Each structure stands twice: as structure tokens, then as C-alpha cells.
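Note sheet for the following structure.
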Amino acid sequence: MTTQMIIALLITVFMIVLIMMDKLPFGAPPLLACLLLVVFGISDIASAFAGFSNSTIVMLAEFMALIAALQKTDFIIYFKKAMFNMAERGGFKAYVVIILIAMLAASLFGTGSTAYYVLTLGLLSTLPYNKKLPPSKIILPAGIATNHPLIPFNTALQYGIVIAVLASAGANNEVSVVKFAVVNFFLSMGFLINALIQYKFLPDHPISDGETSSNAPELKASELPKWKQNVTYLVFVIAVIGMIMQGTIGDAGYAIAGLAVAVILVIGVLDFTEIRDSISAPIILMSAGVIGIANALGSTGLTDLVGSTVAGVLGNNVNPFILIFVFCILTSVLATLTGSTIGTVYVFAPMAIATCTSMGLDPTAAACAIVVSGWCGHFLPIDGLPAMCMGIGKYNIKQFWKYTIPQYFIRLLALTAGALIMFPV
């Protein structure tokens with residue numbers, strides 16, 4: 001391990017410890033870590049703070065402003081009323097319905113859709129406090145539910161990567177799309193089972209400052225004229241469509257969301273101060289800051305070193321379940337730390353495939369599980385989705401890990417089991 005690897009790893013650990021201590025404002029530890037990377041020569045200024053020009057972060061900031069505008073409309077008022085009424089009828093039942101709705105909608109958006117989880121968490125962040133179903137019991141599971149489609153038919157990206165990594169390792173195996181979708185279904189069921197079990201263990205606290213009442217709030221109609229509300233709805237929908245089409249139209253998808261914010265400013269739904277406060281929210285600082293850390297870990301070669309070391313330790317006589325499970329853990333953790341999901345998958349999947357092949361095993365299960373696991377590292381609050389959940393839900397690190405660590409292992413166990421059931425070795 002090189003000196004640069006050691007320093008980058010120590011700075012990352014230091015950042016995580018600061019987040020755990022909860023002594024600094026939310027979003028400050030990653031910025032401090034980025035400064036340390038520059039001071040110790042691991043990154044230059046441009047690389048350390050590259051997150052602030054990252055297209056995903058720009059999009060997240062734009063959507064924060066759009067969500068702020070949406071909160072001034074009658075739609076959010078009706079949404080709050082509907083959610084509060086649902087909670088009044090029964091906390092756990094409403095909780096299950098919300099999770100299922102989030103998972104069902106994820107079926108359309110596909111795994112890892114930034115636009116979808118930003119939209120979902122933005123809407124849920126407007127929920128008023130209710131003792132029967134506090135928003136803090138909803139934000140974290142519903143946010144992560146956006147990554148677990150209930151009917152996983154939209155898996156083209158992951159399926160394509162499975163085929164590619166098998167081919168790159170010289171294993172041109174036939175992979176059934178239907179069976180691969182079922183593997184994803186196993187993962188989603190692992191998430192759902194955990195979410196149902198952990199309902200009682202989720203914390204109970206308000207997510208808005210000064211909000212402690214458990215009675216239904218008196219929600220007044222929007223003060224905006226109807227035409228301004230309609231324009232807000234229209235530009236919001238256009239921004240969402242732009243995000244969905246980003247894979248086709250490129251960075252223009254992100255620019256469309258920015259133009260939507262400009263329209264909101266011009267027609268007076270939000271003033272410039274409100275927009276500035278929205279796009280510089282602590283969650284933006286957290287999400288942008290960790291990208292520099294991720295870049296540093298990847299550029300030092302730490303991912304390659306860890307992968308080759310673990311492959312050597314496991315050897316050629318390990319149980320297939322343990323082999324796949326361990327590589328799923330490595331892939332998901334380092335994909336989160338480095339910020340490069342596909343890149344990390346392309347490092348670890350060929351290693352696992354080669355190990356399976358040398359043992360005389362069919363490597364298809366390993367390829368499927370390891371590729372999918374790249375999108376499953378939600379127990380570290382240094383990636384967009386978990387960081388946003390933690391910030392909006394106002395969870396401390398103990399509350400966050402109490403939910404996400406058991407969920408992490410349950411999901412990967414379900415994923416590994418599903419892959420071996422559908423693609424026996």
C-alpha cells in the first residue's frame with residue numbers, strides 16, 4: 001500500500017468519524033476532508049472540489065430549488081393532507097403503503113434514478129409531524145425504496161453490464177433477462193422484509209425545526225395565483241422529463257432543470273434569496289464534498305489493491321455462496337467510497353468470474369450478484385441517496401446505522417441467494 005493510499009484512507013476515516021460524532025454542522029466534515037486532501041498533496045484544488053461542478057450535484061441543487069417552489073403550491077398542501085390522513089387511519093399500514101408505492105414507482109424509473117429519489121425525498125420532506133407516523137420513520141426506508149423496484153422489469157443497464165463483464169472475462173454465457181429480473185426481485189424482497197421488521201426501531205422525531213405538534217396542522221390554501229402554480233407544475237414536470245432523458249440527451253437534461261429554476265425566478269414564485277438558500281443547502285455541501293474524497297480513493301489505486309488481495313485470500317476452494325457474498329460486499333462498499341459504481345463493478349466482477357471458472361463453477365450467478373451489488377452500498381452516508389436521507393430525516397449516525405447496517409447485510413444475503421437459485425453453479 002502506497003503512502004498516498006494510506007493518507008487518503010486515513011482522511012476518509014477521519015471524515016466518517018467526524019460525521020459519527022455529530023459535532024460539526026451537517027456537510028462540514030467532507031469539506032474539511034477535501035481541504036486535507038489538498039494539504040497532503042493527494043489532490044489538487046480542482047480535483048478535491050470537483051463535486052461542486054459535478055452534473056449530478058448541479059441537478060440535485062436545481063431540484064432543491066424546484067421542490068422549494070413546489071411547496072408553495074396547492075399540490076403540496078393536498079399531499080400533506082392526504083399523507084396526514086393516511087397516518088391518522090393507521091401508522092404501520094400507512095407506512096407499508098408508502099414503501100410499496102415508492103417501490104412500485106421505482107419499477108418505472110429503474111434502479112439508481114437520481115431524479116426519482118430526489119423527487120420522492122423532496123415530497124416526503126414536506127410531511128408534517130404526526131405521532132402515529134412520524135416523518136422520521138418514513139424518510140429513510142422510503143428513500144432507499146426508490147432503489148428497489150417492486151416489479152424489476154427495467155434492468156437494461158445492469159443486464160448489459162452483466163453481459164459485458166462475462167464477455168470481458170471470456171465467459172460468453174447465456175443470461176436470461178427474466179431470471180436476472182427475478183434476482184433483482186429477491187433483492188427488493190430482502191429490502192422490504194427488513195423495512196417491515198425495522199419499523200418499530202426507526203426513530204420518532206420531527207424533521208422540521210420547531211415542529212413538535214402531533215395534531216394535524218392547519219394548512220391554508222396557496223397564496224400563489226393559479227397561473228403561477230400551473231407554470232410551477234409545468235416546469236417541474238419538464239425538469240423531471242429532462243432528468244429521465246439524460247441518458248439520451250446528455251448534459252442538456254441537467255440544463256433543463258436549471259432553466260426551470262430560472263422560470264420560477266422570473267415569474268416570482270421564489271426570489272433570488274430563496275433560490276440561493278435552496279441550492280446551498282447542507283445536503284448539497286455533503287454530497288458535493290464526498291465526491292472529492294471518492295475521486296481521491298479511486299485515483300490512488302486502492303480499489304485494485306483491495307480486490308486483488310481479497311481474491312488471493314479467498315483462494316480456489318471457497319464456498320460459492322461465501323465467494324459471491326464477499327465480492328458483493330467489496331463491490332458495494334468501494335463503489336460507494338470511490339463514487340464509481342460501474343468502474344468498481346468492472347474491477348471486481350472479472351475477479352470473481354475468474355475464480356469461479358478456476359473452480360469449475362458457472363460464473364453467471366457471481367456476475368449477476370456483483371453487478372447489482374454495485375448499487376447497494378447505502379449504509380455509508382457519503383453517497384447521494386443515503387446522504388440525502390440522513391440530512392432530510394435529521395438522523396444522527398447511530399440512528400442511521402441502526403437501520404442501514406442490518407438492511408445492508410440482509411439485502412446482500414437475499415441478492416446472493418437469489419443469484420444462486422436462478423443461476424445454479
Side-chain angles (χ1 to χ4, degrees), residues 11-34 48-64 67 102 111-125 135-136 138-148 202-203 207 278-298 332-341 344 374-405 407-408:
I11 291 174
T12 303
V13 171
F14 177 64
M15 178 189 70
I16 294 173
V17 170
L18 288 179
I19 294 173
M20 290 174 59
M21 292 173 64
D22 201 24
K23 297 297 183 182
L24 295 178
F26 187 82
L31 299 182
L32 177 59
C34 288
F49 292 92
F52 289 92
S53 61
N54 179 274
S55 55
T56 299
I57 300 302
V58 171
M59 182 278 302
L60 177 59
E62 292 164 347
F63 264 85
M64 293 294 285
I67 292 294
T111 300
S113 171
T114 304
Y116 176 50
Y117 79 68
V118 170
L119 171 61
T120 301
L121 289 171
L123 292 176
L124 292 177
S125 69
S136 56
I138 301 174
I139 296 296
L140 189 51
I144 298 178
T146 62
N147 203 55
H148 295 83
L202 286 161
I207 62 173
S278 297
I279 66 176
S280 60
I283 182 60
I284 303 299
L285 300 180
M286 170 70 87
S287 300
V290 298
I291 287 177
I293 308 299
N295 290 342
L297 289 172
S332 56
V333 169
L334 288 172
T336 301
L337 289 176
T338 63
S340 175
T341 299
T344 306
W375 283 264
C376 293
H378 297 126
F379 75 100
L380 291 172
I382 59 173
D383 194 15
L385 173 54
M388 194 170 182
C389 289
M390 185 176 176
I392 290 177
K394 295 190 180 299
Y395 305 103
N396 60 42
I397 194 65
K398 291 182 180 178
Q399 294 169 336
F400 180 82
W401 274 345
K402 186 177 181 179
Y403 181 85
T404 56
I405 290 179
Q407 170 193 252
Y408 173 72

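Note: hydrogens, waters and symmetry copies are ignored here, and every other heavy atom, side chains too, is used. For clarity, every value in this text was computed on a predicted model and none was experimentally measured.
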(request) State, with a plain yes or no, whether a side-chain heavy atom of M64 is found less than 4.5 Å away from one of M388. (result) yes

(request) Report yes or no: does S136 contribute a side-chain atom to a donor-acceptor pair with the main-chain N or O of G393 at less than 3.5 Å? (result) no

(message) On a heavy-atom basis, which atom in L31 and which in L285 lie closest, and how many Å separate them?
(response) CD2-O, 4.2 Å

(request) Can you measure from CG (L140) to NZ (K402) and round to the nearest 0.5 angstrom? (result) 12.5 Å

(request) List for me each residue that meets ring pair (Phe, Tyr, Trp, His ring centres under 6.0 Å) alongside Y408, sequence neighbours excluded, and say none if there are none. (result) F379

(message) Once rounded to the nearest 0.5 Å, what's the spacing between atom CD1 of I138 and atom OG1 of T120?
(response) 12.5 Å

(request) Report the residues that fulfil side-chain contact (heavy atoms from CB on, under 4.5 Å) with P29, sequence neighbours left out, ordered by chain and then residue number. (result) M15, L18, I19, L24

(message) Would you say that C389 contacts L121 through its side chain, given a criterion of any heavy-atom pair below 4.5 Å between the two side chains?
(response) yes

(request) Would you please name every residue forming a side-chain contact (heavy atoms from CB on, under 4.5 Å) with I279, sequence neighbours left out? (result) A61, A65, I275

(request) Search all heavy atoms of I207 against all heavy atoms of I392 and return the closest pair with its distance. (result) CB-O, 3.5 Å

(message) Less than 4.5 Å apart, side chain to side chain, heavy atoms only: is that true for F400 and I405?
(response) no

(message) Can a donor-acceptor pair be found, under 3.5 Å and without considering hydrogens, that links the side chain of Y395 to the backbone of W401?
(response) no

(request) Measure the CD-NE2 distance between Q407 and H148 for me, rounded to the nearest 0.5 Å. (result) 6.5 Å

(message) Can you tell me how far apart CE (M390) and CD1 (I397) are? Round to the nearest 0.5 Å.
(response) 4.0 Å

(message) With heavy-atom distances below 4.5 Å as the criterion, would you say the side chains of T404 and P386 are in contact?
(response) no

(request) Please answer whether the main-chain N or O of W375 pairs with a side-chain N or O of N147 as donor and acceptor at a distance below 3.5 Å. (result) yes

(message) For a 4.5 angstrom cut-off between non-hydrogen side-chain atoms, does L32 reach F14?
(response) yes

(message) For Y117 versus L385, what's the shortest heavy-atom pair and its separation?
(response) OH-N, 3.5 Å

(message) My understanding is that only residues two or more places apart in sequence, or in another chain, count here; which of them pass side-chain contact (heavy atoms from CB on, under 4.5 Å) with A48?
(response) C34, V38, S43

